[in-house]
Amino acid sequence: MSETVTHDVLRDRYRPLVGGETVPGHGEPYTSRNPATEEPLVDIEMGDESDIDHAVADAAAAFEDWWRQEPQNRGRVLTDLAGAVREHSDRLARLVTLENGKPLSQAESEVEGCARYFEYYAGLADKVQGESVPLGPAHVDFTVREPLGVTAHIVPWNYPLDLFARSVAPALATGNAAVVKPAEYTPVTALEVGTLALEAGVPPGVLNVVPGYGSGAGAALAGHPDVDGVSFTGSVATGREVAKRAVDNINPVHLELGGKSPSVVFPDADLENAIRNTVAGIFVATTGQICLASSRLLLHEDIYEEALDHLVAATEGLSVGPGTDDPDVGPLVSEAQFEKVERYLEAGEAAAGAPLVGGETLDRAGYFVEPTVFEVDDRDARVAQEEIFGPVLSVLSFADEEEAIELANDVDYGLVAGVFTSDIGRAHRFARDVKAGQIYINEWAAGGKGSPFGGYKQSGFGRDKGLEGLDNYTQVKTVSANITV
Ligand code: NAD
């Protein structure tokens, strides 16, 4: 990465965006790093508890006016924001790649995904309807859906713009005022979109972005007494802490957490399609740092060897390099993530022997790990059970449909699952019996903005995206009138 390109897209420094202005951050400053080079990128003024107080107060002050606007007006403003994101898409995509490391074409898709969320929920702003309830001739009884008020949004670094918009767009469309705490590694794009939102007409205070550390600003936001609802996307351990804080305030919280998702291949599947989708889902999509990674490949024993041949060829054919060169696989986001994945490579070797493919880190600057495949006999091995969040795939075999479903369910998570088969009955039995929030049939990771998304079991509760996504940010009021007096 040349200095020129870096300076082209980055501002000199970044600070919290509160009440429509950039303001000093009072937390310990943070210097972000380019994961492809380990070089410093930019200085971030991080917010602390006092900055969260300030942001929540400004959001509370802005809320009533925003909510009382005509809903179609909120929709128009969010449509304009989607347009502004598209106008700045080249720059935003470069920023995503610089901060997160992901290949440029994936960053471009992510920016478009961000615009699509604003567009999708803009269209719904004036369609959040209540119901009329038949209580008999003496009454008129109906419901209205009202915003919560000030909503808190705590997001991770793996899809910094996509997840920001997935959570913020429905909140703003339904009339809430939001305070966002982006992840430490990736605050820049959230701050950039916050600025675009102001330019697009989102009133000051309606969207506040406070970069900060999880244990300081994040914890303060999750437990703030003047916040009215909490949306959290991240790990199970943090989700548990966030939920406890929210519950202390009797606040609704929804949790989008991790996964260890099975990609299950039967002998009647199109093998090439099954392997291509699985490889994309565990190695290519943000270098395996994706909640819905296809991190467990379950192969029927009759096609085990043939499928492995496809898998090895497809994995060895992947290019690995800096995101700006747009390879198939970029670096991991940070040194901490790199070291975590290294520890899993060691645990994998100890449990399953030498990997079939990969297993090494790259001997160069940057947090690069080879796409790695372990054949795992022990289904309880850590690499077969725990979310690694890196390009590491565990392969297991099964004998029949019953065992496939049992294996698919045999983890603590339940985010997504995929089945590859040409037998429609089997595909739907799998969809019926596997405990996961989304089932893919003969593909991986489909779903426009309208498909609800979220977890069973330890993968969380509540649903983002689609019409269900509106429920996280609204509450129901029932109005009951006696019309006989
Ligand atoms: P993380 O839990 O470490 O951090 C997520 C966010 O929480 C960050 O903004 C962080 O600063 C903040 N945070 C940390 N400690 C906090 C605290 N005590 N109180 C409040 N906030 C705190 O997760 P991560 O490493 O950033 O992200 C990876 C995880 O996110 C993986 O488990 C992945 O599966 C999950 N994820 C889930 C989805 C989904 O939709 N289900 C999507 C993306 C990522």
Side-chain angles (χ1 to χ4, degrees), residues 27 30 44 46-49 52 99-100 102 110 113 117 152-167 179-187 190 209-224 227 230-246 248 253-261 281-282 285-295 332-334 336-341 386-390 411-416 436-438 445 447 451-465 468-469 472:
Y30 175 76
I44 316 283
M46 301 291 255
D48 68 1
E49 291 83 345
I52 292 292
E99 276 194 311
N100 168 282
K102 71 178 66 185
E110 178 167 350
Y117 276 122
H153 307 257
I154 300 173
V155 290
W157 43 261
N158 64 328
Y159 282 77
L161 267 190
D162 189 275
L163 299 173
F164 169 92
R166 185 176 86 176
S167 165
V179 179
V180 183
K181 210 294 286 168
E184 289 84 336
Y185 302 135
T186 56
V209 183
V210 183
Y213 300 97
S215 54
L221 181 58
H224 200 287
V227 158
V230 179
S231 163
F232 175 79
T233 309
S235 63
V236 174
T238 311
R240 195 170 281 124
E241 290 306 309
V242 165
K244 284 179 189 160
R245 286 178 169 266
D248 276 348
V253 56
H254 92 273
L255 302 177
E256 295 282 355
L257 309 177
K260 188 73 179 178
S261 301
I282 179 61
T286 311
T287 315
Q289 302 164 114
I290 179 168
C291 55
L292 53 77
S294 45
S295 50
L332 296 170
V333 72
S334 65
Q337 195 63 19
F338 178 77
E339 287 172 354
K340 179 182 163 201
V341 173
E386 297 174 15
E387 183 183 48
I388 298 173
F389 228 50
V411 284
D412 290 338
Y413 295 102
L415 193 56
V416 303
Q438 187 166 7
S451 304
F453 184 83
Y456 280 36
K457 303 196 285 186
Q458 299 275 303
S459 293
F461 51 78
R463 294 292 174 267
D464 267 323
K465 300 174 65 179
E468 269 82 354
N472 299 319

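Whatever order the structure lists them in is the order used to number ligands and atoms, beginning at 1. Atom set for the values below is all heavy atoms of this structure, side chains included, hydrogens, waters and symmetry mates excluded.
Here the heavy atom of the protein found nearest to atom 11 (O) of ligand 1 is Lys181 NZ, 2.6 Å. At the top of the distance list for atom 23 (O) of ligand 1, counting protein heavy atoms only, stands Ser235 N, 3.4 Å. Scanning the protein for heavy atoms near atom 15 (N) of ligand 1, the closest one is Thr238 CG2, 3.3 Å. Shortest contact from atom 25 (O) of ligand 1 to any protein heavy atom: Trp157 NE1, 3.2 Å. Given atom 12 (C) of ligand 1, the protein heavy atom at minimum distance is Ile154 CG2, 3.6 Å. With respect to atom 9 (O) of ligand 1, the closest heavy atom belonging to the protein is Val155 O, 2.7 Å. With respect to atom 18 (N) of ligand 1, the closest heavy atom belonging to the protein is Gly214 O, 3.9 Å. In terms of protein heavy atoms, atom 27 (O) of ligand 1 is closest to Pro156 CB, 3.4 Å.
Some N or O of Glu184 is nearer than 3.5 Å to an N or O of ligand 1, by distance alone. Residue contacts with ligand 1: Glu387 is placed with a nitrogen or oxygen under 3.5 Å of a nitrogen or oxygen of the ligand (distance criterion only). Close N/O approach between Val242 and ligand 1 is not found [any backbone or side-chain N/O within under 3.5 Å]. Considering backbone and side-chain atoms alike, Ser215 places every N or O at 3.5 Å or more from each N or O of ligand 1.
Atom CZ of Phe389 and atom NZ of Lys340 lie 7.5 Å apart (nearest 0.5 Å). To the nearest 0.5 Å, atom NZ of residue Lys260 and atom OG of residue Ser295 are 4.0 Å apart. How far OH of Tyr413 is from CD of Gln458: 7.5 Å, rounded to the nearest 0.5 Å. In this structure, Arg166 CZ and Thr233 OG1 are separated by 5.0 Å, a value rounded to the nearest 0.5 Å. Here the CG-OH distance, from Asn100 to Tyr185, works out to 11.5 Å after rounding to the nearest 0.5 Å. Separating the CD1 atom in Ile154 from the OG1 atom in Thr238 is a distance of 9.0 Å, to the nearest 0.5 Å.
The shortest heavy-atom distance from Tyr159 to ligand 1 is not under 4.0 Å. Not a single heavy atom of Ser459 lies less than 4.0 angstrom from ligand 1. Residue Gln289 places no heavy atom under 4.0 Å from ligand 1. In this structure, Phe453 is part of the shell of residues with a heavy atom less than 4.0 angstrom from ligand 1.
In this structure, Glu184 and Tyr213 approach most closely via the heavy-atom pair OE2-CA, 3.5 Å. Across all non-hydrogen atoms, the minimal contact from His153 to Ser167 is ND1-OG, 2.5 Å. Nearest approach of Ile44 to Pro187, heavy atoms of both residues: CD1-CG, 3.7 Å. Taking all atoms of both residues into account, the shortest heavy-atom contact from Arg463 to Pro452 is CB-CB, 4.3 Å. When all heavy atoms of Thr186 and Pro156 are compared, the closest pair comes out as OG1-O, 4.2 Å.
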Is there a side-chain contact (heavy atoms from CB on, under 4.5 Å) between Glu256 and His254? Walk through the geometry before answering. CA-CA 7 Å; Glu256 295 282 355; His254 92 273; 4.1 Å; yes
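No side-chain heavy atom of Val210 sits under 4.5 Å from any side-chain heavy atom of Leu221. At least one side-chain heavy atom of Asn472 sits less than 4.5 Å from a side-chain heavy atom of Asp464.
In this structure, Lys102 forms a cation-pi arrangement with Tyr159, its terminal cationic atom sitting closer than 6.0 Å to the ring centre and no more than 45° off the ring axis.
Judged by distance alone, with hydrogens and angles left aside, the side-chain atoms of Ser459 form no donor-acceptor pair with the main-chain N or O of Leu257 at under 3.5 Å.
Listed by number with element, the atoms of ligand 1 under 4.0 angstrom from any heavy atom of Leu163 are 42 (C), 43 (C). Ligand 1 places these atoms under 4.0 Å from at least one heavy atom of Thr233: 5 (C), 37 (C), 38 (C), 39 (C), 40 (O), 42 (C), 43 (C). Of all atoms in ligand 1, numbered sequentially from 1 with element shown, those under 4.0 Å from a heavy atom of Asn158 are 43 (C), 44 (C). Each of the following atoms of ligand 1 lies closer than 4.0 Å to a heavy atom of Pro182: 9 (O). The atoms of ligand 1 that sit less than 4.0 Å from any heavy atom of Arg166 are 39 (C), 40 (O). Shown in contact with Ala219 at under 4.0 Å from a heavy atom are these atoms of ligand 1, numbered in order with element: 19 (N), 20 (C). For ligand 1, the atoms lying closer than 4.0 Å to a non-hydrogen atom of Ala183 are 9 (O). The atoms of ligand 1 that sit less than 4.0 Å from any heavy atom of Gly218 are 19 (N), 20 (C), 21 (N).
For the residues Cys291, Gly234, Gly223, the heavy atom positioned nearest atom 35 (C) of ligand 1 is part of Gly234. Heavy-atom proximity to atom 37 (C) of ligand 1, evaluated over Leu292, Leu221, Leu257, Thr186, is greatest for Leu257.
Distance check for atom 4 (O) of ligand 1: every protein heavy atom is found at 4.0 Å or beyond.
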